[in-house]
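These notes are about the structure you will find just below.
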Amino acid sequence: MPKVVTRFPPSPTGYLHIGGARTALFNWLFARANGGEFVLRIEDTDQARSTPEMTQAIVDGMTWLGLDWDHGPYLQSDRTELYNQHIEKLLASGHAYYCDCTPEQVDAMREKARVDGTKPKYDGTCRSRNLGPGEGHVVRFKAPEGLCAWNDLVKGPMHMDYQEMVDDFVLRRSGGSPMYNLAVVVDDADMGVTHIIRGEDHLSNNPKQMALYNALGYPMPEFGHVPMIFGSDRKKLSKRHGAMSVMDYEKLGFLPEAMVNYLVRLGWGHGDQEVFSREELVKLFTAKGLNSSPSMFDLTKLTSVNAHYIKESPVDALVPLLARYLKDLGLSADDTLLAKIVPLYQPRATTMVEMAEQCAFFLMDDEQLEYDPQAVQKNLKPAAREILADVRTLLTGLDEFSEAALEGALHAFVEQRELKFGMIAQPVRVAITGRSFSPGLYETLAVLGKDKALRRMERALSLPQD
RNA sequence: GUCCCUAUCGUCUAGCCUGGCCCAGGACACUAGCCUUUCACGCUAGCGACGGGGGUUCAAAUCCCCCUGGGGACGCCA
């Protein structure tokens with residue numbers, strides 16, 4: 001069996017969105033799982049809509065997800081010569097012809113077909129006119145007749161009628177640039193692509209491309225058409241649903257591992273297993289696990305997967321990430337401190353943005369700390385302040401500000417005063433964090449440090465009463 | 001309009017190919033309880049689906065047909 005080669009061929013007319021990322025992931029996994037190679041190819045034959053910025057954005061997205069490629073990124077705009085050679089070949093072999101019908105004329109043909117209740121298509125007017133190259137001339141493919149059949153990697157045995165699916169579509173624009181169907185087939189053949197996994201919106205292109213493979217005499221690759229991803233309203237994923245760039249999810253505080261795990265489970269399964277490491281995926285991925293029905297993008301589930309990865313990640317891996325998100329909040333801290341903070345939030349944060357926001361009080365200047373009025377009102381009533389003042393005195397005299405020392409001292413205090421622990425915990429918590437919730441009190445105090453803790457308690461004591 | 005794809009809990013899915021082990025399993029979400037210094041985590045329990053109708057069969061989520069629902073494609077876009 002020849003070496004497996006897959007590819008991901010986005011057009012640089014937009015960012016790498018959720019659907020594209022999943023397609024890329026499936027192709028990458030298929031290649032890796034079979035010891036094959038993965039090609040990245042930028043389909044920019046539509047010069048009017050393609051931009052270099054988008055090419056970069058796609059590359060960034062792939063890199064973030066950890067989808068590396070063995071060849072490319074190739075730019076189709078660099079390969080016009082190759083496409084033209086193939087077009088000449090098709091012209092010479094009688095599989096293609098020149099056409100001077102105007103777009104308006106073609107529109108009229110399609111409209112007529114629509115009215116007649118058949119598939120709108122070019123009617124072949126120029127097929128036998130033997131036109132040559134010229135101003136305003138396109139090159140059209142001579143559509144074959146008969147049945148087109150293949151065994152889809154996802155859908156199983158498929159067959160379509162060439163007559164129905166393929167008209168004499170344009171191979172080369174009057175402006176001289178090649179069109180999608182021609183360029184993909186030429187490239188895939190030229191790059192030795194053996195397996196093509198793509199969205200099922202390409203299903204109707206398949207007969208066109210198969211016809212081209214046949215006309216060109218190239219070996220047929222395997223095709224697999226994965227279903228679409230919908231938004232929560234069962235509509236095609238669009239900007240309204242957050243079918244944003246995958247990089248937008250990075251901004252929202254999602255981990256790439258979580259994104260990959262979520263994406264792969266959207267349309268692929270392996271028994272009841274939910275969590276897969278990259279290595280496991282490479283080991284376990286098969287086309288057989290691919291689903292044939294569409295799925296919906298669910299941010300809640302992505303979030304829970306992300307929370308899982310935050311819990312499981314080593315502290316060292318999260319420290320630089322936390323620093324990056326803190327920076328967005330205008331905060332910074334050295335890694336030693338962050339390494340103490342991260343474990344406190346691993347069970348609590350669902351995104352890195354959340355982690356940064358929630359731990360911000362550790363890093364703010366004491367004067368900068370804002371107190372939540374509701375928390376103050378509820379937990380810093382006069383009676384609570386009296387206790388808080390005593391706790392402050394107690395802590396002032398504490399030499400060692402470790403978790404264990406704090407626990408010992410505070411417990412003794414509570415017992416001696418015959419208080420419930422909750423009666424000191426909440427006032428202290430609000431005093432040092434500004435809010436009514438935080439990680440455990442001893443850890444929070446210990447990580448915050450004696451100086452800051454005392455200063456904040458002092459400040460809390462002087463807060464206006466209402 | 002024409003052609004194509006598709007149909008299991010709210011969502012992602014297992015099971016379907018090779019009918020019986022499925023009065024359908026897991027995960028997320030949700031609800032309740034436990035744990036508890038807050039918020040989380042964790043643990044336990046609960047809620048919750050084979051779209052409808054015909055067949056085939058001793059037996060159908062699984063096979064066949066029809067209907068309905070959902071989606072996609074019909075470009076000098078990719």
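The sequence lines fix the lettering, A, B, ..., with proteins before strands; numbering per chain opens at 1.
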Between [options], which nucleotide gets closest to the side-chain atoms of [X]?
X: A:Lys155; options: B:rC41, B:rG72, B:rC5; answer: B:rC5
X: A:Met179; options: B:rA78, B:rU6, B:rC12; answer: B:rA78
X: A:Val106; options: B:rU13, B:rU6, B:rC76; answer: B:rC76
X: A:Ser11; options: B:rA78, B:rU2, B:rC12; answer: B:rA78
X: A:Met165; options: B:rA78, B:rC3, B:rA7; answer: B:rC3
X: A:Phe230; options: B:rG70, B:rU38, B:rG75; answer: B:rG70
X: A:Met158; options: B:rC74, B:rC4, B:rA78; answer: B:rC4

Contact under 4.0 Å: [X] side-chain N or O vs [N] OP1/OP2:
X: A:Thr118; N: B:rG1; value: no
X: A:Arg198; N: B:rA78; value: no
X: A:Arg110; N: B:rC76; value: yes
X: A:Asn181; N: B:rC77; value: no

Between atom [atom1] in [X] and atom [atom2] in [N], what is the gap in whole Å?
X: A:Tyr180; N: B:rA73; atom1: OH; atom2: C1'; value: 12 Å
X: A:Gln426; N: B:rC39; atom1: CD; atom2: C1'; value: 9 Å
X: A:Lys311; N: B:rG42; atom1: NZ; atom2: C1'; value: 10 Å
X: A:Tyr442; N: B:rU38; atom1: OH; atom2: C1'; value: 12 Å
X: A:Leu290; N: B:rU13; atom1: CG; atom2: C1'; value: 13 Å
X: A:Leu344; N: B:rU38; atom1: CG; atom2: P; value: 16 Å
X: A:Arg41; N: B:rA78; atom1: CZ; atom2: P; value: 12 Å
X: A:Gln358; N: B:rC41; atom1: CD; atom2: P; value: 12 Å

Using atom [atom1] of each nucleotide, how far apart are [N] and [M] to the nearest Å?
N: B:rU36; M: B:rC28; atom1: C1'; answer: 25 Å
N: B:rC23; M: B:rC35; atom1: C1'; answer: 35 Å
N: B:rA59; M: B:rC66; atom1: C1'; answer: 23 Å
N: B:rA24; M: B:rG48; atom1: P; answer: 11 Å
N: B:rU8; M: B:rC63; atom1: P; answer: 14 Å
N: B:rG26; M: B:rC9; atom1: P; answer: 16 Å
N: B:rA78; M: B:rA73; atom1: P; answer: 15 Å
N: B:rC5; M: B:rC39; atom1: C1'; answer: 47 Å

Does [X] contact [N] through a side-chain donor or acceptor facing the base, at a distance under 3.5 Å?
X: A:Arg348; N: B:rC39; value: yes
X: A:Ser174; N: B:rC76; value: yes
X: A:Arg429; N: B:rU37; value: yes
X: A:Asn205; N: B:rA78; value: yes

Open item on the list: Which is it for B:rC41, anti or syn, if anything within 90° of zero counts as syn?
Closed with: syn

What nucleic acid atoms does [X] come within less than 4.0 Å of, heavy atoms only: base, sugar-phosphate, or nothing?
X: A:Gly440; answer: base
X: A:Thr45; answer: sugar-phosphate
X: A:Leu441; answer: base
X: A:Cys99; answer: nothing
X: A:Pro439; answer: base
X: A:Met423; answer: nothing
X: A:Ser436; answer: base
X: A:Lys121; answer: nothing
X: A:Val138; answer: base
X: A:His202; answer: base
X: A:Lys208; answer: nothing

Task: Aromatic A:Tyr74 / basic A:Arg79 pairing, under 6.0 angstrom, 45° off normal - done: yes

Check: [X] ring centroid to [Y] ring centroid under 6.0 Å:
X: A:Trp268; Y: A:Phe276; answer: yes
X: A:Phe26; Y: A:Phe8; answer: no
X: A:Tyr345; Y: A:Phe361; answer: no
X: A:His411; Y: A:Phe421; answer: yes

- [ ] For the residue pair A:Tyr213 and A:Phe223, categorise the inter-ring angle as parallel (less than 30°), tilted (30 to 60°) or perpendicular (more than 60°).
- [x]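 Answer is perpendicular, since the angle exceeds 60°.
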
- [ ] Determine the interplanar angle of the A:His195 and A:Phe30 rings, folded into 0 to 90°, and report it as parallel if under 30°, tilted if 30 to 60°, perpendicular if over 60°.
- [x] tilted

Task: Interatomic distance, A:Cys148 atom SG to A:Met158 atom CE [nearest 0.5 angstrom] - done: 9.0 Å

Task: Straight-line distance of A:Leu395 CG to A:Met457 CE, nearest 0.5 Å - done: 5.0 Å

Task: Residue pair A:Asp44, A:Gln76: steps toward the side-chain hydrogen bond (donor to acceptor under 3.5 Å, both in side chains) verdict - done: CA-CA 6 Å; A:Asp44 59 349; A:Gln76 286 190 324; over 6 Å; no

Task: Watson-Crick or G-U wobble partner of B:rC34, both distances under 3.5 Å - done: B:rG42

Open item on the list: Using heavy-atom distances to pick each residue's nearest nucleotide on RNA chain B, tell me which of A:Glu164 and A:Val154 is more 5'.
Closed with: A:Glu164

Open item on the list: If you assign each of A:Arg172 and A:His411 to its closest nucleotide in RNA chain B, which residue comes earlier from the 5' end?
Closed with: A:His411

Open item on the list: Is it the case that the side chains of A:Ser50 and A:Gln47 hold a donor-acceptor pair, with the cut-off being a distance below 3.5 Å and no angle test?
Closed with: no

Task: Counterpart residues, side-chain hydrogen bond (donor to acceptor under 3.5 Å, both in side chains), relative to A:Lys340 (two or more places apart) - done: none

- [ ] Produce a footprint string for nucleotides 20-29 of chain B: one letter per nucleotide, 5' end first; B if the base is under 4.0 Å from any protein heavy atom, S if only the sugar-phosphate is, - if neither.
- [x] -----BBBSS

Open item on the list: Going by centres under 5.5 angstrom and planes under 30 degrees, do the aromatic ring of A:His270 and the base ring of B:rA14 stack?
Closed with: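 Given the distance and angle limits, no, they do not stack.
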
